[in-house]
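Counting starts at 1 for both ligands and their atoms, following the listed order.
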Amino acid sequence: MTFEFIRTEVRGRVGWITLHRPEALNALNAAMVAEIAGALAVFGADPDIGCVVLTGADRAFAAGADIKEAAERTYPETFLEDFLASWDVIARMRKPVVAAVAGYALGGGCEVVLMCDVVIAADTARFGLPEVKIGVMPGAGGTQRLARAIGKAKAMDLCLTGRMMDAAEAERSGLVSRVVPASDLLAEAQAVAEAISAKSRINTMVIKEAVNRAFETSLSEGLLFERRTFQALFATLDQKEGMAAFVEKRQPEFRGR
Ligand code: HXC
């Protein structure tokens, strides 16, 4: 795959997407988002890939949507093109996505992180939704996903002031799964993604669906979804293999079936 604004690579059973627009701190323009969508489609369809890592650079994961690209837009244009709607493709990825974040994850960059499943942050990471400082507001899910991720009081604090949180505060708040020294970030992300990829593919995909359902529905409906999904896994060969391997005291060999 050849792209202009991202780099892709397969490491073991993990598909890597590295945002690569260093001159603009990885600001996300429409072309970059389309390229991310293209790479996710390829990794999503590849049966050998169990998990995707999305990362940026040391200085910035992504410093937001491209302000220069958006500055002259009019309301009718944003409405008619449904500006930012195409970003949803990241949240719709069915395989788990690990975000590996160093440096700035601001605005749209933070919103992309919020669409990922596991978030590994370098101790240099800084998160924020500073749209309020430039006369707009989060438009790619920030007000909704941040409120669900870290609660109303913190979400209001960040959205209304536009301030940044460091990695430690982000971890305390529940935005981040783990914080590691910056030098360990990529290795840690690969280890987490490989651990996910080693599991049954069908299993990790339905677990992702079930956890995400918690943000979409009532508790009773979510519990019913979980129970039925759990029961359905007994129709898979990987359930037989996983439990047989436990009983036989050996490692399971999952086939994603
Ligand atoms: C376009 C950006 C950018 C962005 C940085 N750059 N962020 N270009 N869109 N979101 C560019 C700068 O213009 C500059 O290019 C280069 O990247 C380096 O940035 P500097 O500002 O010189 O670096 P520094 O002084 O280290 O400051 C880093 C920073 C700052 C604190 C991250 O760049 C910043 O505040 N960026 C904007 C953050 C932001 O507001 N994000 C939310 C965007 S709105 P040149 O060519 O000048 O050297 C959003 C959703 C709304 O995401 C949708 C509408 C767009």
Visitor: If we only consider heavy atoms of Gly139, is any one of them less than 4.0 Å away from an atom in ligand 1?
Guide: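 Per 4.0 Å heavy-atom rule, Gly139 does not contact ligand 1.
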Visitor: Could you tell me how the ring of Phe230 sits relative to the ring of Phe234: parallel (under 30°), tilted (30 to 60°) or perpendicular (over 60°)?
Guide: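 Rings of Phe230 and Phe234: perpendicular, over 60°.
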Visitor: Give yes if a backbone or side-chain nitrogen or oxygen of Glu111 is under 3.5 Å from a nitrogen or oxygen of ligand 1, and no if not.
Guide: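 No, no N or O pair falls under 3.5 Å.
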Visitor: Run the contact test for Lys133 against ligand 1 with a 4.0 Å cut-off on heavy atoms, strictly below, and give the result.
Guide: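 No heavy atom of Lys133 comes that close to ligand 1.
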Visitor: Is Arg94 salt-bridged to Glu209, going by a charged N under 4.0 Å from an acidic O?
Guide: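 Yes, charged N to carboxylate O under 4.0 Å.
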Visitor: Return the minimal non-hydrogen interatomic distance between Ala57 and Asn26, and the atom names on each side.
Guide: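 Residues Ala57 and Asn26, closest heavy atoms: N-ND2, 3.6 Å.
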Visitor: Please determine if Leu106 has a nitrogen or oxygen closer than 3.5 Å to a nitrogen or oxygen of ligand 1.
Guide: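 For ligand 1, there is no N or O atom that lies under 3.5 Å from one belonging to Leu106.
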Visitor: Regarding ligand 1, does Ala63 bring an N or O atom to under 3.5 Å of one of the ligand's N or O atoms?
Guide: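 Yes, since at least one N or O of Ala63 sits under 3.5 Å from an N or O of ligand 1.
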Visitor: So is Met137 polar-close to ligand 1, meaning N/O to N/O under 3.5 Å?
Guide: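 Met137 vs ligand 1: no N/O contact under 3.5 Å.
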Visitor: Looking only at distances, please establish whether an N/O atom of ligand 1 is found under 3.5 Å from an N/O atom of Arg59.
Guide: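 Checking ligand 1 against Arg59, an N or O pair does fall under 3.5 Å apart.
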Visitor: Please indicate whether any nitrogen or oxygen in Phe83 is less than 3.5 Å from any nitrogen or oxygen in ligand 1.
Guide: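 Min N/O separation from ligand 1 is not below 3.5 Å for Phe83.
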Visitor: What I want to find out is whether Glu241 reaches Arg250 closely enough, with some N-O distance under 4.0 Å, to be called a salt bridge.
Guide: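 Salt bridge flag = yes for Arg250 with Glu241.
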Visitor: Answer yes or no on whether Arg21 is positioned over the face of Phe5, meaning its NZ or CZ is under 6.0 Å from the six-membered ring centre and within 45° of the axis.
Guide: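 Geometry flag: set, cation within 6.0 Å and 45°.
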Visitor: Against heavy atoms of Gly107, which atoms of ligand 1 measure under 4.0 Å?
Guide: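 Atoms satisfying the 4.0 Å criterion: 42 (C), 52 (O).
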Visitor: Looking at ligand 1, would Glu69 count as a contact under a 4.0 Å heavy-atom criterion?
Guide: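 In this structure, Glu69 fails to qualify as a contact of ligand 1 - no heavy atom is under 4.0 Å.
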Visitor: Looking at Lys199 and Asp238, is there a salt bridge between them, counting it only when a charged N and a carboxylate O are closer than 4.0 Å?
Guide: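 No, no charged N to carboxylate O under 4.0 Å.
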